[in-house]
Amino acid sequence: MAFSYNDVNDIYLDVLREIGNIGTGNAVSALATMIGKRIDMNVPTVKMIDITEVPEILGGADIPIVGILLNLEGDIEGFILLVLSQASAHVLVNMLLGKSLNGYEEFTEIEKSALQEIGNILAGSYLTALSKLTNFTMSQSVPQLAEDMAGAILSFPALQFSESGDVALYIETEIFESDSKIIADFFLIPTIDSYTKMLKALGVA
C-alpha cells in the first residue's frame, strides 16, 4: 500500500505529535546543555501538510530565510529541512556563541558552522525520537546551509521532493531563552516507500 495524504487520520497524527513533542524536548535539552542556560519551549505545533503548502507556511517565496537541509538514510529515506527566519537564526547563533545581538549582518564562517551544528542537533533529536518509536535505524548527512529567499532555497529540495511523497511532517517549535524568542520550522519528508514503512511500524496501517 502506498501512502498518500488521504491516509492521514487522527491516530496517525497523535503518534506524529508524540514524535514532535519528544524530539523537540530532546532538542531543547541539548541546546540548553550547549549554552549552559535554561531554555523553555511551547508545545510544538505538529501536523501533516501537502508539500505545496511549504512556501505559504514560511511567509511567501520572497521571504529571506536560513535553510538547513539534511539527507535521511537507513530504514527511512528522505529529507529533513530546518527553516529559520533571518531574525531567529541570528538570535539562535548569538545565543549559542554567547554574543549580544547587534544586528542582522551577514553570517561569519564560524556562525555558519554553528548553525549547521544546530541543524545537526535538532535533526538528530527528532530522528532519535522516531527511532525509539519504530526501532528503525536512520542516519543523517552533513547539513547543507543556505541563506536566500524561501523560493530559491526550496527550489533544490523541491526537485528531490518530486521523487518523494507529497506529504511532509511539519513541526513548528517556539523556543525561549530569557527575553529571546526563536521560531524553528522543521519538515520531515520521507519517500513514499518510507511513509508506508512508518505507518506499519507505528501500528496504524
Side-chain angles (χ1 to χ4, degrees), residues 1-9 11-31 33-34 44-51 53-54 57 66-84 112-146 153-173 184-205:
M1 180 191 72
F3 181 80
S4 75
Y5 193 75
N6 294 328
D7 292 320
V8 179
N9 56 40
I11 297 175
Y12 190 52
L13 281 176
D14 285 344
V15 174
L16 294 177
R17 287 192 186 98
E18 185 62 15
I19 293 172
N21 284 328
I22 296 172
T24 301
N26 291 344
V28 168
S29 296
L31 285 175
T33 300
M34 287 183 71
T45 299
V46 182
K47 57 185 176 182
M48 301 298 294
I49 61 167
D50 191 292
I51 287 175
E53 298 177 50
V54 173
I57 288 173
V66 174
I68 305 169
L69 180 70
L70 305 95
N71 292 334
L72 181 58
E73 300 173 340
D75 292 329
I76 298 294
E77 298 180 334
F79 300 89
I80 293 174
L81 178 64
L82 173 67
V83 177
L84 300 163
K112 290 178 181 178
S113 295
L115 284 169
Q116 288 175 304
E117 182 58 24
I118 290 169
N120 251 336
I121 292 170
L122 294 179
S125 299
Y126 291 114
L127 290 185
T128 298
L130 184 57
S131 293
K132 288 182 178 177
L133 289 176
T134 61
N135 290 322
F136 285 154
T137 300
M138 293 168 279
S139 62
Q140 63 203 53
S141 69
V142 175
Q144 303 174 61
L145 177 72
I153 287 181
L154 290 170
S155 62
F156 170 72
L159 293 174
Q160 308 297 321
F161 295 165
S162 65
E163 298 175 359
S164 301
D166 58 357
V167 179
L169 171 62
Y170 167 52
I171 303 172
E172 182 190 51
T173 305
D185 292 314
F186 177 89
F187 301 92
L188 170 65
I189 307 102
T191 62
I192 294 174
D193 287 344
S194 293
Y195 259 127
T196 304
K197 291 171 66 177
M198 283 175 58
L199 280 173
K200 291 180 178 178
L202 295 172
V204 290

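Heavy atoms only: backbone and side chains are in, while hydrogens, waters and symmetry mates are out.
Every side-chain contact (heavy atoms from CB on, under 4.5 Å) that Glu73 has, sequence neighbours left out, goes to Ser139. When the side-chain hydrogen bond (donor to acceptor under 3.5 Å, both in side chains) test is applied to Asn26, no partner is found at least two apart in sequence or on another chain. Partners of Ala30 under the side-chain contact (heavy atoms from CB on, under 4.5 Å) rule, at least two apart in sequence or in another chain, are Ile121. Evaluation of the salt bridge (charged side-chain N to carboxylate O under 4.0 Å, His left out) rule for Lys112 yields Glu109 as partners, not counting sequence neighbours. Scanning for side-chain contact (heavy atoms from CB on, under 4.5 Å) contacts around Asn71 gives Phe79, Ser141, with sequence neighbours left out. Ile171 is linked by a side-chain contact (heavy atoms from CB on, under 4.5 Å) to Thr24, Pro44, Val46, Tyr126, Leu169, Thr173, Phe186, counting only residues two or more places apart in sequence or in another chain.
Atoms CG and CD1, from Leu70 and Ile68 in turn, are 7.5 Å apart once rounded to the nearest 0.5 Å. Between the CG atom of Leu72 and the OG1 atom of Thr191 there is a distance of 8.5 Å, given to the nearest 0.5 Å. The structure places CG of Leu188 at 10.5 Å from CG of Leu81, a figure rounded to the nearest 0.5 Å.
Between Leu82 and Leu69, every side-chain heavy-atom pair lies at or beyond the 4.5 Å cut-off. Looking at Val66 and Val83, their side chains never come closer than 4.5 Å, going by heavy atoms from C-beta outward. Phe136 has its side chain out of reach of Leu130: every pair of non-hydrogen atoms, C-beta onward, lies at least 4.5 Å apart. Met198 is listed as a side-chain neighbour of Ile76, based on a closest heavy-atom distance under 4.5 Å. Side-chain contact between Ile57 and Ile49: present, with at least one pair of heavy atoms (C-beta onward) separated by less than 4.5 Å.
Using modelled atom types, one finds no donor on one side chain facing an acceptor on the other under 3.5 Å when comparing Thr128 with Ser125.
Checked by atom type and distance alone, the side chain of Ser131 never pairs as donor or acceptor with a backbone atom of Thr137 at under 3.5 Å. Side-chain atoms of Thr45 never come within 3.5 Å of backbone atoms of Glu172 as a donor-acceptor pair (strictly under, hydrogens ignored). Although no hydrogens or angles enter the test, the distance criterion places a donor-acceptor pair under 3.5 Å between the side chain of Gln116 and the main chain of Pro143.
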